[in-house]
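These notes concern the structure reproduced below.
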Amino acid sequence: MNSFYVLVKTLLLVFFLCLPFSADSKTLSESDDLLLVNDRLLLLLDKQNNLTPEQAFNTYKENRFAQNSRNQVSFGFTKNTVWGVLPITNSATDSSIQVLKIDNAWLDEIDIYFFKNDQLRRHVALGDSLLFTQRPRDERMPAVAHSFEAGETFVLFRFQSEDPMTIPIYLGNEGAIASYKSENAYFYGALYGSLLILLIYNFVLYFYLKERRYLLYSLYLFAFTAFNFTYTGHGFWVAWSDSIWLQQWVMPTLMFCYIFSGVVFTIEFLNTRVFLPALYSARRKIYFGLLILACVIFLTGSRSVIVMVQLMILTTMSIWMLVIGYFSYKGGNPLAKFFIPAIAMGTGGATISSLATWGVIPYSQWAFRGIEIGMLIEMSLLSISLGFNFKMVQEARKSAETNARLDPLTNLYNRRAFPDLVHPIWLLGKRNKNPMSIILMDLDWFKRINDQFGHTVGDEVLERVSLELKKRLRDSDIPLRWGGEEFLIFLPNTEGGKAKHLAESLRKHFETLSFNKVNKITTSIGVASAFPSQIDLDKLIMRADEALYSAKQKGRNQVVAV
């Protein structure tokens, strides 16, 4: 079924691509749709860059313009002047006000000429070579409204730019423009709002954890946001509308910042010091090489060269990031399983934008926004991966803290855990006037077991003793490995008689146990009991220790209580 569906889609696509494109005039419509009209354009490349508008129009009248039947939107980097003619027919008797919008914020020179009855009626200059305040409309993208009289009007476009020549031309009435503005406001509001939330979130994590990954991710995210803010025209529209120089040079500069921060972030994020040490060792050379290359291309003074080289680097960087992510994943890096799909989404979005721009797939505003949607998904996945990293760090820290309080052999709490475990219970018992008891137990002649049978057998004995202790104690009792072959048992709400009885029961129980290679073991036990209001906890432990010493002095394998 899936194969059949794909086949049907392919046949329909081929069918529509093979439909002939009419060179007839574009007829004005009352619809509020903003229409891409590049398929109606007739184009001419002026290699000499010396045609006047009148000469270009006469060339069109001589049928020397080519029909843009492939709906081409982009012409790449070209030093040629691109001329385009859009015939527009107003079949009504009254004039119709329509808006022509070029959906590209970085073109240097845009001239629009309106010819009626073979006469030039109007000229409008747009593009980045003019101050934003000189534009006829206060809009992010170059646009002009024109009152089309009844009959046929020829709109002549002239484009020239050092940046990539991408000229999506839209036509619609004021209602269509208003819808376009509203759609863009929602889209970019959601985009920048989401990026800002991710930025703040990861900055906070950096200041909390002091881990470089979060800082580098934040810088990478900020670099992309700033770069996007520039090439989408928001910067010229909002921030530097009175500076042509900034508009033309901020974008390539921020593009390099985005590239450089992406490379640094990748190397640090994937922990290449551990998983790809060769790359980590070469990181300074990579950074220095990028900086040298940036200096060289910027010194050329040609924006075309700068942007072209950086686009090549950007494409190479995307592939490089995927390759590095793959090898890091193969090396066992758990974060790479987030990194690879994240970069794939960003690269995929950029690819869709490029294919739409070059006319390989149908151009649309959403296809052109593919890079932004892809990068938003990429940044979100990377943020999720950093959240996953935060979780791993916290679990590792918690595990380290727990392990520091647990004896790895017996899995009992150790002496370090004693204050945190016992002090709260001791204070509660002091307030409630409950008796407390401590048992100190030592395995007799344990050194002989290690010397005669080896430490492995000795460890088995300790493990068995710990297991038996857990079985025979209450849930509220706290057994600890106090050190070596010595164990401490804290008995809350237990008076001396019961504590001594438990100690004697334990002594007899261990005496009856059989061990591998060791026939039996005996224990010496000291017991101390008191009310918390009568004595300090440390002194109670000292009493139990003195009682244990007394048990050993009396011949071992016995209980002494004080």
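- Aromatic ring pairs are classed by plane angle as parallel below 30°, tilted from 30° to 60° and perpendicular above 60°; the pair Y113 and F115 is tilted.
- At distances below 3.5 Å, not a single donor-acceptor pair connects side-chain atoms of T300 with backbone N or O atoms of V296.
- A distance of 10.0 Å separates CG of L120 from CZ of F114, quoted to the nearest 0.5 Å.
- The aromatic ring centres of Y206 and Y214 sit 6.0 Å or more apart.
- Nearest heavy-atom pair across V307 and P164 is CG1-CD, 4.1 Å.
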field: side chain to side chain contact (heavy atoms under 4.5 Å, CB included) between T133 and D242, intermediate numbers included
entry: CA-CA 7 Å; T133 52; D242 57 348; 5.9 Å; no
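- From T166, atom OG1 reaches atom CD1 of I102 across 12.5 Å, with rounding to the nearest 0.5 Å.
- Using a 4.5 Å heavy-atom cutoff, the side chains of T266 and F339 are in contact.
- No donor-acceptor distance shorter than 3.5 angstrom exists from the side chain of N117 to the backbone of Q119, with no hydrogens or angles considered.
- To the nearest 0.5 angstrom, L130 atom CG is 6.0 Å from I244 atom CD1.
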request  = For the pair L293 and I313, evaluate side chain to side chain contact (heavy atoms under 4.5 Å, CB included) and give the outcome as yes or no after the intermediate values.
outcome  = CA-CA 10 Å; L293 180 60; I313 295 174; 3.3 Å; yes
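- Remark: K61 engages D118 in a salt bridge, criterion side-chain N to carboxylate O under 4.0 Å.
- Here the shortest heavy-atom pairing between S364 and A367 reads OG-N, 3.0 Å.
- For F203, the CZ atom counts as densely surrounded, since its 6.0 Å shell holds more than 12 non-hydrogen atoms of other residues, nucleotides or ligands.
- Side chain of N90 to main chain of D94: a donor-acceptor pair is present (N/O by atom type, distance under 3.5 Å, no hydrogens or angles).
- A donor-acceptor pair is defined here as one N or O able to donate and one able to accept, closer than 3.5 Å; such a pair exists between the side chain of Q134 and the backbone of L131.
- Put simply, the side chain of S243 does not reach to within 4.5 Å of the side chain of V250, judged on heavy atoms.
- Atom CZ of R64 and atom CG of L44 lie 7.5 Å apart (nearest 0.5 Å).
- Ion pairing between D46 and R158 fails under the 4.0 Å rule for side-chain N and carboxylate O.
- At least one side-chain heavy atom of Y217 sits under 4.5 Å from a side-chain heavy atom of M379.
- By the 6.0 Å and 45° rule, R369 stacks over the aromatic ring of F187.
- Side-chain atoms of R140 and N184 form a donor-acceptor pair, as typed in the model, at a separation below 3.5 Å.
- Partner H234 forms a ring pair (Phe, Tyr, Trp, His ring centres under 6.0 Å) with one of W106, F227, F229 and no other, that one being F229.
- Rounded to the nearest 0.5 Å, atoms CG (L279) and CD1 (I324) are 5.0 Å apart.
- Summarising the geometry of F275 relative to L270, their closest heavy-atom pair is CD1-O, 3.6 Å, with the distance given to 0.1 Å.
- Scored by the side chain to side chain contact (heavy atoms under 4.5 Å, CB included) test, A143 finds V99, K101, R137, E139 as partners (sequence neighbours excluded).
- Minimum interatomic distance between S318 and I343 (heavy atoms only, all atoms of both residues): O-CG2, 3.9 Å.
- Considering only heavy atoms from C-beta on, F269 stays 4.5 Å or farther from L216 through its side chain.
- Closest approach of A336 and P341 over heavy atoms only: O-CD, 4.3 Å.
- Distance alone, capped at 3.5 Å, is enough to place a donor-acceptor pair between the R303 side chain and the Q248 backbone.
- You'll find the side chain of Q365 reaches within 4.5 Å of the side chain of D103, heavy atoms only.
- Using modelled atom types, one side-chain atom of Q55 and one backbone atom of T52 make a donor-acceptor pair closer than 3.5 Å.
- Side-chain atoms of D108 come within 3.5 Å of backbone N or O of E162 as a donor-acceptor pair.
- Within the 4.5 Å cutoff, no side-chain heavy atoms of D111 are placed close to those of L126.
- A donor-acceptor pair under 3.5 Å is formed between the side chain of S353 and the backbone N or O of G370.
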Residues Y170, V37; criterion side chain to side chain contact (heavy atoms under 4.5 Å, CB included); working and verdict = CA-CA 6 Å; Y170 286 87; V37 295; over 6 Å; no
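- Open room surrounds CD1 on I97; 12 or fewer heavy atoms of other groups in view lie less than 6.0 Å from it.
- D39 places none of its side-chain heavy atoms less than 4.5 Å from the side chain of Y363.
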**Request:** Report the C-alpha separation of V73 and I169 in whole Å, then their side-chain angles, then the decisive distance to 0.1 Å, and conclude whether the side chain to side chain contact (heavy atoms under 4.5 Å, CB included) test is met.
**Result:** CA-CA 8 Å; V73 173; I169 302 173; over 6 Å; no
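- With respect to F157, the side chain to side chain contact (heavy atoms under 4.5 Å, CB included) criterion is satisfied by exactly one of V85, L100, I167: L100.
- Of all the heavy atoms in L156 and P53, the pair that sits closest is CD2-O, 3.4 Å.
- In this model, a donor atom of one side chain and an acceptor atom of the other lie less than 3.5 Å apart for T81 and Q160.
- Sparse packing is recorded around CZ of R212, with 12 or fewer heavy atoms of other residues, nucleotides or ligands lying under 6.0 Å away.
- Considering only heavy atoms from C-beta on, L107 stays 4.5 Å or farther from D128 through its side chain.
- The existence of a salt bridge linking E149 and R122 is excluded, since no basic side-chain nitrogen approaches an acidic carboxylate oxygen closer than 4.0 Å.
- Here L291 contributes atom CG and I286 contributes atom CD1; the two are 12.0 Å apart, rounded to the nearest 0.5 Å.
- The closest donor-acceptor contact from the side chain of S383 to the backbone of L198 lies at 3.5 Å or more, if one exists at all.
- Listed by first and then second residue, the ring pair (Phe, Tyr, Trp, His ring centres under 6.0 Å) pairs that reach into residues 279-307 are F260-Y287, sequence neighbours excluded.
- With no hydrogens or angles considered, a side-chain donor-acceptor pair links E372 and N228 at under 3.5 Å.
- A ring pair (Phe, Tyr, Trp, His ring centres under 6.0 Å) with Y258 is found for exactly one of F222, F265, Y220, Y231, namely Y220.
- Listed by first and then second residue, the side-chain hydrogen bond (donor to acceptor under 3.5 Å, both in side chains) pairs involving residues 319-342 are S328-N333 (not counting sequence neighbours).
- Here the two rings, on F154 and F57, have centers that are under 6.0 Å apart.
- Side chain of Q247 to main chain of W237: no donor-acceptor pair is present (N/O by atom type, distance under 3.5 Å, no hydrogens or angles).
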